[in-house]
J.: 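Quick one: the structure is below, questions incoming.
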Amino acid sequence: VVGSFNRKEKSKMKDVENKVRAIIAKHYRISEDDVKSDSSFLNDFSGDSLDIIELVLILEDEYGIEVPEEVAEELDTVQKVYDYINSLNL
């Protein structure tokens, strides 16, 4: 079935979400409970474009990846970050 995930994949996705949520909360100095999948970095966390760039750099270091600039420009919500990291199958 398209779109279904096995237990291992779901567990891995949840691990990514938990790790990314912790990174975002620390970076924006907010509670992890305030980091929702539909949260916007600019609107909900009072961030600016520099904050997003810094967050991308932190994620690159944490996951040992390089996020292309055109992708980084699209990472404006928490869910988009989750989806991108999960798409890398790390």
Side-chain angles (χ1 to χ4, degrees):
V1 176
V2 175
S4 66
F5 299 98
N6 65 35
R7 217 173 273 181
K8 186 176 180 183
E9 289 169 322
K10 283 183 181 179
S11 176
K12 186 176 173 187
M13 290 170 71
K14 187 51 96 176
D15 289 345
V16 166
E17 288 182 15
N18 290 336
K19 186 174 184 178
V20 169
R21 184 180 304 110
I23 290 168
I24 291 168
K26 182 178 179 183
H27 180 65
Y28 285 96
R29 296 181 178 97
I30 58 176
S31 166
E32 286 186 37
D33 293 337
D34 292 332
V35 180
K36 309 291 186 210
S37 62
D38 63 346
S39 295
S40 162
F41 298 115
L42 296 176
N43 298 327
D44 297 318
F45 303 151
S46 300
D48 59 24
S49 58
L50 182 57
D51 288 318
I52 296 173
I53 292 168
E54 290 171 345
L55 177 63
V56 168
L57 293 173
I58 292 166
L59 292 167
E60 287 179 333
D61 286 344
E62 188 66 36
Y63 284 97
I65 60 173
E66 187 171 321
V67 179
E69 186 177 335
E70 61 274 8
V71 172
E73 291 172 355
E74 298 296 319
L75 299 178
D76 58 351
T77 67
V78 173
Q79 186 64 53
K80 287 180 182 177
V81 174
Y82 291 161
D83 293 345
Y84 178 70
I85 299 294
N86 281 317
S87 76
L88 298 176
N89 293 316
L90 301 173

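Heavy-atom basis, side chains included; hydrogens, waters and symmetry copies ignored. Just so you know, these numbers come straight off a predicted model, no measurement behind them.
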J.: How long is the span from the OG atom in Ser39 to the NZ atom in Lys80, to the nearest 0.5 Å?
T.: 13.0 Å
J.: If hydrophobic clusters are built by linking Ile, Leu, Val, Met, Phe, Trp and Tyr wherever their side-chain heavy atoms come under 4.5 Å apart, do Ile58 and Val81 end up in the same one?
T.: yes
J.: To check you understand the geometry: which heavy-atom pair defines the closest contact between Ser31 and Ala25, and what is its length?
T.: C-CB, 4.0 Å
J.: Using a 4.5 Å cut-off on heavy atoms from C-beta on, say whether the side chain of Leu59 contacts that of Ile23.
T.: yes
J.: Could you go through Arg21 and Tyr82, starting from their C-alpha distance and side-chain angles, then the distance that decides it, and tell me whether this counts as side chain to side chain contact (heavy atoms under 4.5 Å, CB included)?
T.: CA-CA 9 Å; Arg21 184 180 304 110; Tyr82 291 161; 3.5 Å; yes
J.: For Tyr28 and Phe41, take the angle between the two ring planes, folded into 0 to 90°, and tell me which bin it lands in: parallel under 30, tilted 30 to 60, perpendicular over 60.
T.: parallel
J.: What verdict does the side chain to side chain contact (heavy atoms under 4.5 Å, CB included) test give for Ile52 and Leu42, after you've listed the backbone C-alpha separation in whole Å, the side-chain angles of each residue and the deciding distance to 0.1 Å?
T.: CA-CA 8 Å; Ile52 296 173; Leu42 296 176; 3.9 Å; yes
J.: Do Ile53 and Phe45 sit in the same hydrophobic cluster, where Ile, Leu, Val, Met, Phe, Trp and Tyr count as joined when their side-chain heavy atoms come under 4.5 Å apart?
T.: no
J.: Considering all heavy atoms of both residues, which atom of Asp51 and which atom of Ser46 are nearest to each other, and what is their separation?
T.: OD2-O, 4.5 Å
J.: Begin with the C-alpha distance, continue with both residues' side-chain angles, and end with the deciding distance and a verdict on side chain to side chain contact (heavy atoms under 4.5 Å, CB included) for Leu57 and Glu60.
T.: CA-CA 5 Å; Leu57 293 173; Glu60 287 179 333; 3.4 Å; yes
J.: Check whether any side-chain heavy atom of Leu75 sits under 4.5 Å from a side-chain heavy atom of Val67, and report yes or no.
T.: yes
J.: Are Val71 and Val56 close enough that some pair of their side-chain heavy atoms sits under 4.5 Å apart?
T.: no
J.: Let me see the working for Asp34 and Asp44 under side chain to side chain contact (heavy atoms under 4.5 Å, CB included), right down to the final yes or no.
T.: CA-CA 9 Å; Asp34 292 332; Asp44 297 318; over 6 Å; no
J.: Taking side chain as C-beta onward, heavy atoms only, is Tyr84 less than 4.5 Å from Val20?
T.: no
J.: Would you say the side-chain atoms of Asn86 pair up with the backbone N or O of Asp83, donor to acceptor, closer than 3.5 Å?
T.: no
J.: Decide yes or no for Val78 and Lys36: does some side-chain heavy atom of the first lie under 4.5 Å from some side-chain heavy atom of the second?
T.: no
J.: Other residues, nucleotides and ligands only: do more than 12 of their heavy atoms fall within 6.0 Å of CD on Glu69?
T.: no
J.: For Lys19, look at atom NZ and say whether over 12 heavy atoms of other residues, nucleotides or ligands are found less than 6.0 Å away.
T.: yes
